[in-house]
Amino acid sequence: MAAQWRVSNGQREWLVTVDGTSVTVEGVDGEFVVMPRPDGRWSITHADQVSTASAARADQSIWTEMDGAGTEWQAHPASSRARHRVVDDSIRSPMSATVVSVHVTAGSAVAEGDPLVVVEAMKMEMPLRAPSACVVKAVHCQVGELVQPTTVLVELE
Amino acid sequence: MAAQWRVSNGQREWLVTVDGTSVTVEGVDGEFVVMPRPDGRWSITHADQVSTASAARADQSIWTEMDGAGTEWQAHPASSRARHRVVDDSIRSPMSATVVSVHVTAGSAVAEGDPLVVVEAMKMEMPLRAPSACVVKAVHCQVGELVQPTTVLVELE
Amino acid sequence: MMRRVLIANRGEIALRIIRACREMGIRTVAVYSEADADAPHVMAAHDAVPIGPPAAAASYLNVPAILDAASRTEADAIHPGYGFLSEHAGFARRCEDRGLMFIGPPSPVIERMGSKTAARAAVAQAGVPVVPGNTPKSQEAADVLDSLARVGYPALLKASAGGGGKGMRIVRTEAEAAEAIDAARREADRAFADGTLYVERLIERPRHIEVQVLADGHGSTVHLFERDCTLQRRHQKVIEESPGPTVTPALRERITQAAVAACRAVGYVNAGTIEFLVSGEDFYFLEMNTRLQVEHPVTEAVTGIDLVRAQLLVASGERLPFRQEDLTMRGAAVECRVYAEDPSANFLPQTGLLLRYREPQGPGVRVDAGVREGQEITVHYDPMVAKVITSGETRDIAWARAALALRGFEILGLRHNIPFLLALLGHPDVRAGRIHTRFIEEHLADFTAPAGDDAALAQVALAAVMADAAMSGSASPGRAGETATGIDPWSTFGPVAW
Amino acid sequence: MMRRVLIANRGEIALRIIRACREMGIRTVAVYSEADADAPHVMAAHDAVPIGPPAAAASYLNVPAILDAASRTEADAIHPGYGFLSEHAGFARRCEDRGLMFIGPPSPVIERMGSKTAARAAVAQAGVPVVPGNTPKSQEAADVLDSLARVGYPALLKASAGGGGKGMRIVRTEAEAAEAIDAARREADRAFADGTLYVERLIERPRHIEVQVLADGHGSTVHLFERDCTLQRRHQKVIEESPGPTVTPALRERITQAAVAACRAVGYVNAGTIEFLVSGEDFYFLEMNTRLQVEHPVTEAVTGIDLVRAQLLVASGERLPFRQEDLTMRGAAVECRVYAEDPSANFLPQTGLLLRYREPQGPGVRVDAGVREGQEITVHYDPMVAKVITSGETRDIAWARAALALRGFEILGLRHNIPFLLALLGHPDVRAGRIHTRFIEEHLADFTAPAGDDAALAQVALAAVMADAAMSGSASPGRAGETATGIDPWSTFGPVAW
């Protein structure tokens, strides 16, 4: 029984129909035949070209690897309403990190590229910059705090 | 809840009590603490000595490996009546093999060590010899036949 | 010979040292932070001792805990690996004071070479060329500015206690100076608890070439030729090789002799590396690393010498088992450092679970790693996942082998730099050796192009199949008969909640 | 250069050749029997073609099927590996006739060196010493007996078309002769479809030392020094090393020159091995193997030369990329062959499922294998599971590394010879090099002692825990939290029906 999936790498999304080992991708001619190999990898055949890839499922995503290059994918049933990337006006740390310095307060007017907060992880400093000219609505972190990718550090208007 | 097992390597048998990770072996002082390691191997602690081993279950047995040496074990609940090794008077091939020659017929009297049948596997000839002086009761194979370890080739009286 | 070595480190280098010890019949003690209780180096050692919480400052830099672990396990020697306490003179001294062999040079040598200014002075006196530089009269900003002006722009601000690019800033004009001084000092302070800065002339477009040395306590000092470590990103080495593709026999002779002279001048003992900036046939002393280097395997590949074994012998008071004339450089070797990082996002370190991790293997391929499938790469330590070292009769063979090995390296569950490394290995300027230390920075876009559409589409199809199977809870859509052998990819991980 | 190589082989050597081709940008075609459809060599090649049922005669020896596979895949070259068709002159000729490059010497050379008697005559003419021997006037038993009497007892019966010990019998007295002739002829007939026998004087307690050669089609012939392959069981090599521990520089000079002279005398091209029996400083030509050897990696380790790459270059008509004076022997290397066999039951081959299979890894360790976890070792082919090649600065280091690697090799699911190999590596006579080709036979009991009681008891306890967990269907009794990462040993295989 065929099922439709929306598959995204965070930059682009594809509409994919899966029917057993046969897969079609909207806008692409021909079917992809996806078969497991005895060595735990996968073969994908399309237009007489066979490629080999690895795949693994994480909690919230799927990882694939081909020729040393890995990609993380989000897949949702095409009927689902969930969206993959929520674009909001919040600044978050890209990873678990410590706040090294805070350069703005609520009400600060900033230009595009201005540093808002600097965080440090794995001995590296990373400035988090304003995506565009705007006004800071609220600051939710302080120097020395350990923050997660889910933590909103700064809200913009 | 503790359970008792009879564990045999085909040459010797031990009576073993298992209670979670704690194991005692009849006739041996002290407990063995058996714990899985994160790398998929096992640590076994006994009398302050820690050893590391691998283990895997096959259909009818358990294999363990320590310092490169592997052993196959049979384990049965101590209450079970099954015996591990049925000593009978049948000659079987030790492995999948082809019969190369048959040296006896029903009624042949043979001395200990006399070749009964020669089989070949992996390009090697293996003579199957009489375990003791006796008379051949029946021969169940012929030259060129592919035989399995379960096939009785010769019955002795 | 020592009997029991405590390895004050983690990851691939701890495993490397444990292997060398085991080959020599020496027992090993691992130490580990709370984050590393299940780590491969803990599994590999004879004994293992917990030394504190995940933060390095509380564990792998925790001198009292490590010394306590050594005495509790009756270790008679400590190998510091690289990073962490490996160039910490105070730690080496405390080992010496307790009668523990410190597997490295004597603490006064670490101390002297650990100060960039003292090291420069020491080797300059031995006739080794140094980069023209200036030590500020005081660490006041005005005095640092004055030093910059004396050396002339473009100049380089460096942390006196530094290493690994921490606390280093290029200053092209006076206008940039104030901010650069602040940033460099802050970084140096945090990395080394010492914000002291000094100033050097910036050598434009240099190569980074270093010489491996070994010295015993009986007066023998030898070099093991050079490594070219010019390919760097954010002042961290990415690809290293030996021999240096642009090093002429004449330059090799001069630079290796300079390295040996520098070692002798400071009374160096054990393994060490003299780093040089090279411009044409000119070279300048940069710094000495008084420890084993990350990239030591390329030297091992071309010389056939086991450097860790040599360290253990020398620390035990034995003579080096070879003389300079016994040492040869044969063939070529290259090391690619696989980092959990995103090259397209300024090399941002990445964390994640190694969902699948399979190392490449084969003749001429060596992988030094300290991770295993199922392990989590955390925020606490260096993001290097593995080193892939390949060697062969010629540089071309070693490089072809490197590309093949990297393409066959399966790492799923986090972003890493293998595509970036492959792009570097294939770049015509890199292949031809036409590079300098800022080459990656200047050509970054060449190395971070996304994969082609065909590769992407095949993986889109595969991802959809994986999602579909998880949803329907089905077994493998293909060869259903194979699930019992544990090789069915579907069985690798449990069902996913969508 | 060739574009597409068909590998007419399986297992580790097929994988080895595929790797070399990939490094040179050459496409590869695997062939496989029905038993090998899922084998690693099939997975590794660009293309794969089925060639018949499991029996070797119907698949890997099936010349028409293999030639057909080559033409269907447009392969322009065939690598025969070792064994199977590698020394089959008729196969080489049919390749030549079709314009396929046969990666080996020209068919007339294979034919000539394939006949033990013709080979002896050819090399004797070139001044190479041969074992005194006699070719029977006819193959009648009486004439073979006459040859035995002429050579004198003890004598050696050998198959003219032979190799690998097949069809070989020692005859110590005339009384044993008749039965030995029958057995040798039957074995030779079955192994080579040619029961022709000849007779040689038995050199008592010799060493088996062989010289690796490479020759191109432009008149260059070089040697790559010697390998000592004295440790054999049932005439099959078990442990091989280079350099030969008893080979003096003078013997090395003479024996390598003899090997090169023998090659030149027969117009040899490509890689080959000249085998000698060595007694003291005397050596006798034994036979020439006109192909890659199983033990070629020890030569690769000490010389740094990739022999398969050299084979591909030479077969393509290129010149060897090195001269004799470029070749060096550095350090020492040893190869241990891991067989699925039971050394305590006369080396009976073993079959089974590889329940768990983890190769050792590390600096100076190379594992060439053609199996993977979950695969079945069947009755159809050679029982060699893997080759563990270790190298280091000295013989002691290489051997210590070998022992460590073997102890760390996890193979569960069938009996194998690793404990036997470890006993060999640790035996004082073996360590000291005081061995001969029948050493294992004479000291067998030294190498097949069962493991100590402590090791057995720990494993008894572990086996009981495994049984108990299977019965109760429980998850891991220990760290229950880790099952999700796929590293829980309980999850490796499904429940067992007791």
Side-chain angles (χ1 to χ4, degrees), chain B residues 1 3 5 7 9 11-12 14 16-18 20-21 23-25 28 32-42 44 46 49 51 53-60 62-77 80 94-97 100-101 120-126, chain D residues 166 187 190-191 234 345-353 355-356 358 378-383 406-416 418-419 422 451 454-468 470-472 476-479 482 487-490 492-493 496-498:
Chain B
M1 195 199 64
W5 293 86
V7 177
N9 62 0
Q11 288 166 342
R12 205 181 138 182
W14 289 264
V16 187
T17 306
V18 178
T21 62
V23 179
T24 52
V25 179
V28 179
F32 294 80
V33 178
V34 179
M35 298 283 292
R37 289 160 45 110
D39 57 0
R41 309 193 78 205
W42 296 84
I44 304 112
H46 178 243
Q49 291 292 314
S51 33
S54 290
R57 281 197 292 266
D59 280 349
Q60 301 294 331
I62 288 162
W63 285 85
T64 62
E65 175 271 336
M66 185 182 288
D67 284 341
T71 309
E72 186 175 16
W73 306 92
Q74 304 291 329
H76 293 271
S80 138
M95 61 189 311
S96 300
V100 178
S101 58
E120 189 201 5
M122 292 168 169
K123 300 193 207 151
M124 277 182 45
E125 287 192 9
M126 291 167 278
Chain D
K166 302 281 180 338
E187 221 172 271
R190 216 167 28 243
R234 301 179 65 117
N346 200 21
F347 303 100
L348 188 69
Q350 303 288 305
T351 58
L353 189 67
L355 301 172
R356 183 173 167 96
R358 304 291 161 96
T378 69
V379 70
H380 303 298
Y381 312 109
D382 187 85
L406 289 172
R407 278 201 296 272
F409 205 158
E410 298 178 52
I411 305 178
L412 282 87
L414 42 73
R415 278 173 201 269
H416 54 74
I418 287 179
L422 286 168
D454 282 357
L457 282 172
Q459 289 174 84
V460 166
L462 174 54
V465 167
M466 293 289 287
D468 198 58
M471 171 69 97
S472 61
S476 159
R479 322 177 185 220
E482 277 157 12
I487 53 173
D488 174 15
W490 293 113
T492 310
F493 294 95
V496 173
W498 292 96

Worked verdict on D:L462 versus B:F32 for side chain to side chain contact (heavy atoms under 4.5 Å, CB included): CA-CA 9 Å; D:L462 174 54; B:F32 294 80; over 6 Å; no
Pairs of heavy atoms under 4.5 Å with chain D: top-ranked of B:I44, B:T64, B:V23, B:T24: B:T64
Set of residues satisfying side chain to side chain contact (heavy atoms under 4.5 Å, CB included) with respect to B:D67, sequence neighbours excluded: D:R407
B:V33, part contacting chain D, at a heavy-atom distance under 4.5 Å: neither
Portion of D:L422 that has a non-hydrogen atom of chain B nearer than 4.5 angstrom: side chain
Residue part contacting chain D, namely of B:S54, when any heavy atom lies under 4.5 Å: both
Closest non-hydrogen atom pair between B:A75 and B:V7, with its separation: CB-CG2, 4.3 Å
Test salt bridge (Lys or Arg N to Asp or Glu O under 4.0 Å) applied to B:E65 - qualifying residues, sequence neighbours left out: B:R41
